[in-house]
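Here the structure is laid out as structure tokens; the discussion comes afterwards.
Just so it is clear, the model here is predicted, and its values are computed rather than measured.
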Amino acid sequence: MGIFNKLGREVEQFKQTAKNAAEEDAEYRCRACDARFTAQNDRCPECGAKEVEPTESEA
């Protein structure tokens, strides 16, 4: 069972790395929960709040 635990940890680490990379390129964020995403939505896909706004690009 040790190999499955190791594999599970590696999968979770990969998912977190992918999520962090996606958030860095996010164009929109939720003011309620600070979720970040690339597609414009009327509601936050994480918490359902209507407080979605574009992120400010730092140029």
Show every donor-acceptor pair shorter than 3.5 Å between a side-chain atom in residues 39-46 and any protein atom, with sequence neighbours excluded, or say none if there are none.
from  : atom 1 : to    : atom 2 : distance (Å)
Asn41 : ND2    : Ala39 : O      : 3.2
Arg43 : NH1    : Gly48 : O      : 2.8

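- Thr38 contributes no side-chain N or O that, together with a main-chain N or O of Ala26, makes up a donor-acceptor pair within less than 3.5 Å.
- Evaluation of the side chain to side chain contact (heavy atoms under 4.5 Å, CB included) rule for Glu53 yields Arg29, Arg31 as partners, not counting sequence neighbours.
- Considering all non-hydrogen atoms of both residues, Asp34 and Arg36 come closest at OD1-NH2, 3.3 Å.
- Contacts of Glu12 classified as salt bridge (Lys or Arg N to Asp or Glu O under 4.0 Å), with partners at least two apart in sequence or in another chain: Lys15.
- Partners of Ala32 under the side chain to side chain contact (heavy atoms under 4.5 Å, CB included) rule, at least two apart in sequence or in another chain, are Cys30, Cys47, Ala49, Glu51.
- For Glu10, there are no side-chain hydrogen bond (donor to acceptor under 3.5 Å, both in side chains) partners, not counting sequence neighbours.
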